[in-house]
Amino acid sequence: MTVSAPKQAKRTGSHIALAIALLCGSAVGLTAFADTAHAQRKKDKKNKAGKPDYSKGFVAAYTPLNTLSQDPAADAAALKAGVPGVVAAMETADDKLAGGGLIYNIGIATKDLKLQRQALDMMLNSGKLPADRLEQYILTAGQLASDDGDFAAARTMFMRAIAGGYSGSPGLEGVIAESYFDEEKYAEGLAYLNDEIEKKKSAGLLPDEGWLRRGVAVAYTNDLAREAVVLSAEYARLYPSTTSWGDAIAIQRNYFDYDNNAMLDLLRLADRTGSLRDGRDYADYIEAADARRLPGEVKRVAAAGVAAGLLESNDPFVVEAQSIANQRLAADKADLPALERDARKSSSTALTATAAGDAMLSYGMSAKAEEMYMIASNKSGADMPRVLTRLGIAQADQGKSQEAAATFAKVTGVRGPIATLWSIYAEQNAAPEPVADTAESAASAM
């Protein structure tokens, strides 16, 4: 899905109901590892063939520090002072594994994050870690790097876990995206997140709802309009609700400077998805529809706003809109047959056919509206983005999802994002496939 970059950011308008939560749900847990050297020795007593290869210099440096580390009264400074000597004496892979385990435990005891990270790197680089514990070490190394503010190193570890296909690493994609956000690399994090969403979809899987919710929130709060528009539309597509639809529509309202005609079609979608959230939404809908042009629609929307408790029946704006609508309603309905006849004449103009379609659509006469817009689309001088948007709406209202999708795909320019949302709605509200009448089918088979 692509969208043109909005020309103007206007985030002060419609409110967005975004949940600002971590993508991963919870942080990767830290695990304090047991003394690796001790565990290795116990294993080797059972398996002489696996006897470790420790260098003499390492044993000489390791032994006194290991003894000191087991003393509950050991001084933290003394423990740390012995670390450089152990590191300098390392020669073999087994030295790195055992030394790393000792240093890690010292790092835990002294609450030294950097020492813990250094130790884990040694163990991971030794190549001697047991396969069934490797994921635990990688994840802990990533979490420690993140806690230390080294987000690039954290990403490297988490990506390594994903590449390894470890079963105990669900949700790491969200953690990786968060590492970008922690560095304020919002565009990069959203690009990564979008790629992961597409991978899940390509595999026939449903991306985590938290990814979409968080992505929309990050994009919106950091004025990344293109990303906010695309991700909010995808959120409405994959997890349709009044919240996701309301956010997708509100984001477009806030980022794009739509004229009344375009705004009307966007608010019509809010109406159909049940995501008109407040009095302003209803008031903007009434203003965009204009009681002088579409009295039937204005009357219905105003009544709905009052019934929802979001408009006051005695508000001067509401009173005036309803008064004009009531004055115009009878004559407007009476004009419908003549409008249709004029639109069907071979000499009719695009403007006449469009006006007929607009009137029919406002009264819910979707099939008639579709015909009028089809006529308009074949006339010279037609406002094609507007005509096609409303033709698609008329088709969507009839449950013609495939026809509507094809129509919306032709909409270009500033209305493109509106058409994208309408296409998603049409797909979600497709007319059910006709089911053969069982009795009739049985009779015909006899």
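Hydrogens, waters and symmetry mates are skipped; everything else that's a heavy atom, side chains included, is used. Fair warning: this is a prediction, and the values are worked out from it, not measured in the lab.
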>> On a heavy-atom basis, which atom in Ala325 and which in Ala291 lie closest, and how many Å separate them?
In response: N-CB, 3.9 Å
>> Walk me through whether Tyr239 and Leu206 qualify under side-chain contact (heavy atoms from CB on, under 4.5 Å).
In response: CA-CA 10 Å; Tyr239 291 94; Leu206 188 64; 3.3 Å; yes
> Which heavy atom of Gly215 sits nearest a heavy atom of Leu193, and at what distance?
Replying inline: CA-CD2, 3.9 Å
> Of all heavy-atom pairs between Tyr180 and Gly189, which one has the smallest distance, and what is that distance?
Replying inline: CB-CA, 3.4 Å
> Where is the tightest heavy-atom contact between Val83 and Ile103, given as atom of each residue plus distance?
Replying inline: CG1-CD1, 3.9 Å
>> Using side-chain heavy atoms (C-beta onward) and a distance below 4.5 Å, is Ile249 in contact with Ser275?
In response: yes
> Does any N or O in the side chain of Gln398 come within less than 3.5 Å of the main-chain N or O of Ala394, such that one atom is a donor and the other an acceptor?
Replying inline: yes
>> Within the structure provided, determine whether Arg253 and Asp281 are in side-chain contact (heavy-atom separation under 4.5 Å).
In response: yes
>> Between the side chains of Arg280 and Asp284, is the shortest nitrogen-to-carboxylate-oxygen separation below 4.0 Å, so that they form an ion pair?
In response: yes
>> Just verifying a value: how many Å separate Gln252 CD and Ile418 CD1, rounded to the nearest 0.5 Å?
In response: 6.0 Å
> With sequence neighbours left out, what residues match Asn125 under side chain to side chain contact (heavy atoms under 4.5 Å, CB included)?
Replying inline: Asp121
> Is there a donor-acceptor contact under 3.5 Å from the side chain of Glu427 to the main chain of Ser401?
Replying inline: no
> What's the spacing between Tyr186 OH and Asn222 CG if we round to 0.5 Å?
Replying inline: 4.5 Å
> Can you tell if the side chain of Leu102 reaches within under 4.5 Å of the side chain of Ser69, non-hydrogen atoms only?
Replying inline: yes
> In terms of side-chain geometry, is the basic nitrogen of Arg213 or Asp247 positioned less than 4.0 Å from the acidic oxygen of its partner?
Replying inline: no
> Does the side chain of Leu266 come within less than 4.5 Å of Leu421's, by heavy atoms?
Replying inline: yes
> So, does Arg277 use its side chain to make a donor-acceptor pair with the main chain of Thr243 at under 3.5 Å?
Replying inline: yes
>> Test your reading of the model: is there a side-chain donor-acceptor pair from Ser323 to the backbone of Glu320, 3.5 Å cut-off?
In response: no
>> Set out, in order, the CA-CA distance, both residues' side-chain angles and the distance that settles side-chain contact (heavy atoms from CB on, under 4.5 Å) for Asp397 and Arg272, then state yes or no.
In response: CA-CA 9 Å; Asp397 282 348; Arg272 284 160 174 77; 2.8 Å; yes
> Just by modelled atom types, is the Gly142 backbone N or O under 3.5 Å from a matching donor or acceptor in the Ser146 side chain?
Replying inline: no
>> Would you compute the distance between atom CG of Leu129 and atom CG of Asp132 and round it to the nearest 0.5 angstrom?
In response: 10.0 Å
>> Please give me the minimum heavy-atom distance between Leu212 and Leu231, naming the atom from each residue.
In response: CD2-O, 4.2 Å
>> Can a donor-acceptor pair be found, under 3.5 Å and without considering hydrogens, that links the side chain of Thr407 to the backbone of Glu403?
In response: yes
> Do the charged groups of Arg300 and Asp271 touch, with an N to O distance under 4.0 Å?
Replying inline: yes
> Charged N to carboxylate O below 4.0 Å: is that the case for Arg214 and Glu209?
Replying inline: no
>> With a 3.5 Å distance limit and no angle check, can you tell me whether Thr140 reaches the backbone of Tyr137 through a side-chain donor-acceptor pair?
In response: no
>> Would you say Asp332 and Tyr363 are linked by a side-chain donor-acceptor pair, where the criterion is simply a distance under 3.5 Å?
In response: yes
> Would a distance-only check, ignoring hydrogens and angles, find a side-chain to backbone donor-acceptor pair under 3.5 Å from Tyr285 to Ala270?
Replying inline: no
>> Could you walk me through whether Met372 and Leu361 satisfy the side-chain contact (heavy atoms from CB on, under 4.5 Å) test, starting with their C-alpha distance in whole Å, then the side-chain angles of each, then the deciding distance to 0.1 Å, before giving a yes or no?
In response: CA-CA 10 Å; Met372 299 300 100; Leu361 188 64; over 6 Å; no
> To the nearest 0.5 Å, what is the distance between OH (Tyr373) and CG (Asn378)?
Replying inline: 15.0 Å
> Where do Arg155 and Glu183 land on the salt bridge (Lys or Arg N to Asp or Glu O under 4.0 Å) test, with the steps shown first?
Replying inline: CA-CA 11 Å; Arg155 280 195 295 276; Glu183 286 187 289; 2.8 Å; yes
>> For Leu264 and Asp290: C-alpha separation, side-chain torsions, deciding distance, then whether side-chain contact (heavy atoms from CB on, under 4.5 Å) applies.
In response: CA-CA 10 Å; Leu264 173 58; Asp290 190 343; over 6 Å; no
>> With a 6.0 Å cut-off (strictly less than), is the heavy-atom count around CD of Glu312, excluding the residue itself, greater than 12?
In response: no
> Can you pull the side chain to side chain donor-acceptor pair (under 3.5 Å) pairs that have at least one residue in residues 381-390, sequence neighbours excluded?
Replying inline: Asn261-Arg390, Asp265-Arg390, Asp358-Arg386, Asp358-Arg390, Thr389-Arg415
> Nearest heavy-atom pair of Lys201 and Leu238: which atoms, and what distance?
Replying inline: CD-CD1, 4.3 Å
> Quick one: does Val306's side chain get under 4.5 Å of Asp315's, heavy atoms only?
Replying inline: no
>> Checking Tyr192 against Glu173: is there a side-chain donor and acceptor pair closer than 3.5 Å?
In response: no
>> If the condition is side chain to side chain contact (heavy atoms under 4.5 Å, CB included), which residues does Ala145 pass it with, not counting sequence neighbours?
In response: Arg117, Asp150, Ala153, Ala154
>> Can you confirm whether more than 12 heavy atoms, excluding those of Met159, are under 6.0 Å from its CE atom?
In response: yes
> Mind checking whether Tyr220 and Asn254 have side chains closer than 4.5 Å, heavy atoms only?
Replying inline: yes
>> For the CZ atom on Arg344, are there more than 12 heavy atoms of other groups (residues, nucleotides or ligands in this structure) within a distance under 6.0 Å?
In response: yes
>> Can you confirm whether more than 12 heavy atoms, excluding those of Gln428, are under 6.0 Å from its CD atom?
In response: yes
> Under a 4.5 Å cut-off applied to non-hydrogen side-chain atoms, are Leu139 and Met157 in contact?
Replying inline: no
>> Tell me whether Gln116 contacts the main-chain N or O of Tyr104 through its side chain, where contact means a donor paired with an acceptor under 3.5 Å.
In response: no
>> Is it the case that the side chains of Asn326 and Gln322 hold a donor-acceptor pair, with the cut-off being a distance below 3.5 Å and no angle test?
In response: no
>> Has Lys368 got a side-chain atom pairing as donor or acceptor with Gly357's backbone, closer than 3.5 angstrom?
In response: no
> Hey, does Arg293 have a side-chain heavy atom less than 4.5 Å from the side chain of Arg328?
Replying inline: no
> Would Ser244 and Ser241 count as a side-chain hydrogen bond (donor to acceptor under 3.5 Å, both in side chains) if you check the C-alpha gap in whole Å, the side-chain angles of each, and the deciding distance to 0.1 Å?
Replying inline: CA-CA 5 Å; Ser244 60; Ser241 68; 3.3 Å; yes
> What is the ring orientation for Phe256 with Tyr258, classed by angle as parallel under 30°, tilted 30 to 60°, or perpendicular over 60°?
Replying inline: parallel
>> For the CD atom of Gln327 and the CG atom of Leu329, what is their distance to the nearest 0.5 Å?
In response: 11.0 Å
